[in-house]
Amino acid sequence: MHKCFPARGVMEGLLSRCRALPALTTCGRQLSGYVPHRFYHCVPERGKRLVLSRMFQPQNLREDQVLSPEGRSGDLSCKSQRLMLQVGLIHPASPGCYHLLPYTVRAIEKLERVIDQEMQAIGGQKVNMPSLSPAELWRATKRWDLMGKELLRLRDRHGKEYCLGPTHEEAITALVASQQTLSYKQLPFLLYQVTRKFRDEPRPRFGLLRSREFYMKDMYTFDSSPEAALETYGLVCGAYSSLFHRLGLQCVRVQADVGSIGGTTSHEFQLPAEVGEDRFAVCPGCGFSANMEMLHSSQTSCPACRGPLTESRGIEVGHTFYLGTKYSSIFSAQFTNAHGKPCLAEMGCYGLGVTRILAAGIEVLSTEDSVRWPSLLAPYHVCLIPPKKGSREEAATELTGGLYDLITEAVPQLRGEVLLDDRTHLTIGNRLKDANKFGYPFVIIAGKRALEDPAHFEVRCQNTGEVVFLTREGVTEFLSQVQVV
C-alpha cells in the first residue's frame with residue numbers, strides 16, 4: 001500500500017500501527033538510561049559506512065534450494081533451517097553443528113543483551129564456567145551414568161575424564177560450596193552465564209532447533225529457605241515472561257517433568273509451532289497448562305476444573321526447576337543461619353536456549369520465503385537502497401549517501417544499525433527482493449521521487465507491508481522512534 005502525505009501525518013499513522021512490532025517495542029523500565037553496547041561488531045567511525053558488498057555471505061545467497069549437512073535438500077524439514085541456510089545466516093559444519101555467520105552473531109549478541117537486562121533486573125550476577133567439567137563432579141551426583149550417551153566425554157593426556165557440559169549444576173554447586181564463610185545475609189545468589197553447551201544428540205535436526213552445540217543461558221539460585229527459593233522461582237519465571245513479551249513471542253508456561261535435572265517443581269516455556277517436538281495441553285477455562293508427559297495418555301479433561309483441554313505442539317525455549325537441596329546436600333553448599341548454625345542452600349536452576357530462541361522466533365514469524373526476526377533482534381534495522389548505476393535515477397545516489405550520514409548523526413541509537421546496499425550493478429528490484437529475504441525492519445529506497453525538490457524517499461515497513469514517502473527530515477523523525485538494544 002503506497003501513501004504520500006505530509007511527513008507528520010504519515011508518521012503518526014504508521015507509528016501507531018508499528019509500535020507493537022519488533023523494531024518499535026519499548027524496552028521496559030530497566031532500560032531507562034541504557035546505552036547500547038557493541039561487542040564484536042563495532043560502530044563504524046564517522047564518515048565510514050556499513051556497506052553490503054563487504055559483508056561475509058555464502059555464495060548461494062540467491063539459490064532457491066540449499067543442502068542439509070548430509071547433502072540432501074529433502075532433510076530441510078523446517079522453515080527456519082531452510083531460510084537460515086538460504087540467506088546465509090548459518091552454514092553447516094558437521095551434522096548438528098553450524099557456523100554462525102555475521103548476521104546471526106549480531107542477533108545473538110542482541111538477544112544476550114536483552115537476557116542480561118532481564119536477569120540483572122532481578123539481581124542476577126553473570127559468571128562464566130569452563131565447558132570442560134570433571135567426571136568426578138558428575139559421578140558424585142550419579143549423572144555420569146544417568147545421562148548415558150548424551151554426554152560428550154573425553155580424556156586428557158593424563159587419563160583424567162571430563163565431559164563437555166550440557167548444563168552446570170554440579171560445577172556451580174561445587175563453586176558455591178568452596179566458599180565456606182557464607183551467611184544468610186548474603187543470600188539469595190542468582191548466578192548465571194551465557195555459554196556454549198554440548199549434547200550428543202542421537203538425531204540432530206531442524207538446524208539450530210536441535211543441534212549438538214548451542215548457546216544457552218543457565219542460571220542457578222541459592223536461597224536460605226524453601227519459601228525464599230520459591231519466591232525466587234516466581235521472580236525468574238516472571239523475568240522469562242517479560243523477556244518473551246519483549247521479543248514478541250507468545251510463549252506458554254506449562255507444568256513439566258523434572259527429568260534428569262531433578263527437583264520437585266518444573267515448568268517449560270513453550271512457543272507454539274507446528275514443527276514443535278513437544279505436545280502440551282491448555283485449559284481455556286481455568287488456565288491450567290501442562291506438557292502432555294504430565295497427563296495420562298487418554299486424558300481429555302482438565303485435572304483442575306474438568307473442562308476440555310486444548311492440545312498444541314510447541315518448541316521448548318525455556319525451562320525452570322526448583323531443586324531443593326538435591327545438589328547442595330551432595331556438595332555441602334552451606335550457609336550460616338541467623339542462629340549461627342550451618343544450613344544447606346535451597347537451589348533452583350533456569351535455562352534459556354539462546355540459539356533455539358532465535359531459530360524458533362524465525363520459525364514462527366517468517367513467511368515461507370523471507371526471514372522475519374523476533375522483536376529487537378534484527379541484525380540491522382535499516383537498509384538503504386540507492387539507484388542502479390546508469391539508470392535515470394543515478395543522480396540520487398549521492399542523496400542516499402547523505403541520508404545514511406544524516407540518519408547515523410541525527411538518530412544516535414541507529415549508529416551501526418544502518419546498512420547501505422551498494423551493489424548498484426543490480427536493479428532496485430533485485431536488491432529489494434534480497435532485503436525482503438533478510439528481513440530488515442525498514443528499507444529505504446532512493447527511486448524516482450528522490451529527484452524531486454524536496455527529495456522524497458520510499459520507506460517500507462517490512463513487518464506491515466506498508467510503503468510511505470518521506471523527506472529527509474521525515475525519515476529521521478520517523479526512525480527516531482525505533483528502539484534497539
Side-chain angles (χ1 to χ4, degrees), residues 1-7 10-11 14 23 43-63 87-88 102-103 369-371 378-411 414-462 464-480 482:
M1 178 167 57
H2 293 70
K3 299 181 182 179
C4 180
F5 301 115
V10 170
M11 287 183 291
L14 185 56
V43 176
E45 297 177 11
R46 295 190 180 187
K48 293 187 177 181
R49 299 167 184 161
L50 288 169
V51 294
L52 187 55
S53 65
R54 298 294 302 275
M55 293 293 162
F56 177 70
Q57 293 291 344
Q59 297 300 307
N60 64 352
L61 172 63
R62 302 181 62 81
E63 293 291 328
V87 305
Y103 277 54
D369 58 1
S370 299
V371 172
Y380 297 95
H381 275 75
V382 181
C383 178
L384 292 179
I385 301 180
K388 180 182 179 182
K389 186 176 182 180
S391 68
R392 285 177 293 180
E393 295 82 22
E394 185 177 6
T397 300
E398 187 175 342
L399 294 176
T400 314
L403 180 61
Y404 182 106
D405 298 338
L406 178 63
I407 292 171
T408 54
E409 286 293 327
V411 191
L414 289 182
R415 185 177 292 179
E417 293 289 334
V418 183
L419 191 63
L420 180 67
D421 190 342
D422 60 331
R423 302 173 300 161
T424 53
H425 62 286
L426 298 175
T427 65
I428 285 178
N430 281 334
R431 284 176 286 161
L432 180 58
K433 182 180 179 181
D434 285 348
N436 188 51
K437 273 188 173 293
F438 278 118
Y440 308 107
F442 301 98
V443 178
I444 302 175
I445 301 169
K448 294 179 181 178
R449 297 203 54 192
L451 298 177
E452 296 179 356
D453 187 15
H456 281 73
F457 297 89
E458 183 179 337
V459 180
R460 291 176 170 260
C461 179
Q462 298 281 73
T464 64
E466 293 188 83
V467 180
V468 296
F469 290 85
L470 300 175
T471 63
R472 281 166 42 103
E473 294 75 18
V475 169
T476 55
E477 187 174 350
F478 172 68
L479 293 178
S480 68
V482 174

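Positions are given from 1, in the same order as the sequence printed here.
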Interatomic distance, E417 atom CD to F442 atom CZ [nearest 0.5 angstrom]: 11.5 Å
Taking every non-hydrogen atom, the tightest pair across V467 and R460: CG2-CG, 3.7 Å
Indicate every side-chain donor-acceptor pair of residues 390-400 with a distance under 3.5 Å to a residue at least two apart or in another chain.
{"from": "S391", "atom 1": "OG", "to": "K388", "atom 2": "O", "distance (Å)": "2.7"}
{"from": "S391", "atom 1": "OG", "to": "E393", "atom 2": "N", "distance (Å)": "3.4"}
{"from": "E394", "atom 1": "OE1", "to": "G390", "atom 2": "N", "distance (Å)": "2.9"}
{"from": "T397", "atom 1": "OG1", "to": "E394", "atom 2": "O", "distance (Å)": "2.8"}
{"from": "T400", "atom 1": "OG1", "to": "A396", "atom 2": "O", "distance (Å)": "3.0"}

Gap separating the CD1 atom of I445 from the CG atom of L432, nearest 0.5 angstrom: 4.5 Å
Shortest non-hydrogen contact from H381 toward P441: O-CD, 3.5 Å
Closest heavy-atom pair and its distance - P454, T471: CG-CG2, 4.2 Å
Heavy-atom side-chain contact between Q57 and F438 under 4.5 Å: yes
Residue pair F56 / P102: nearest heavy atoms and the distance that separates them: O-CD, 3.8 Å
Over all atoms of both residues, closest heavy-atom pair of V411 and T476: CG2-O, 3.7 Å
Backbone N/O of P386 and side chain of R431: donor-acceptor pair under 3.5 Å: yes
Pairwise side-chain contact, E473 with L406, heavy-atom cut-off 4.5 Å (strictly under): no
Which residues share a side-chain hydrogen bond (donor to acceptor under 3.5 Å, both in side chains) with S370, sequence neighbours left out: N436
K433 side, atom NZ; L426 side, atom CG - distance, nearest 0.5 Å: 11.5 Å
Side chain proximity check, D434 to N430, heavy atoms < 4.5 angstrom: no
Spacing of L403 atom CG and F457 atom CZ [to the nearest 0.5 Å]: 4.5 Å
Minimum side-chain heavy-atom gap V382-V482 below 4.5 Å: no
Validation row: L50, Y404 side chains within 4.5 angstrom (heavy atoms): yes
Pair V418-R49, side chain to side chain contact (heavy atoms under 4.5 Å, CB included): steps then yes or no: CA-CA 8 Å; V418 183; R49 299 167 184 161; over 6 Å; no
By side chain to side chain contact (heavy atoms under 4.5 Å, CB included) - contacts of L52 (at least two apart): M55, Y103, L419, D421, D422, R423, Y440
P387 versus I428, closest heavy-atom pair with distance: CA-CD1, 4.0 Å
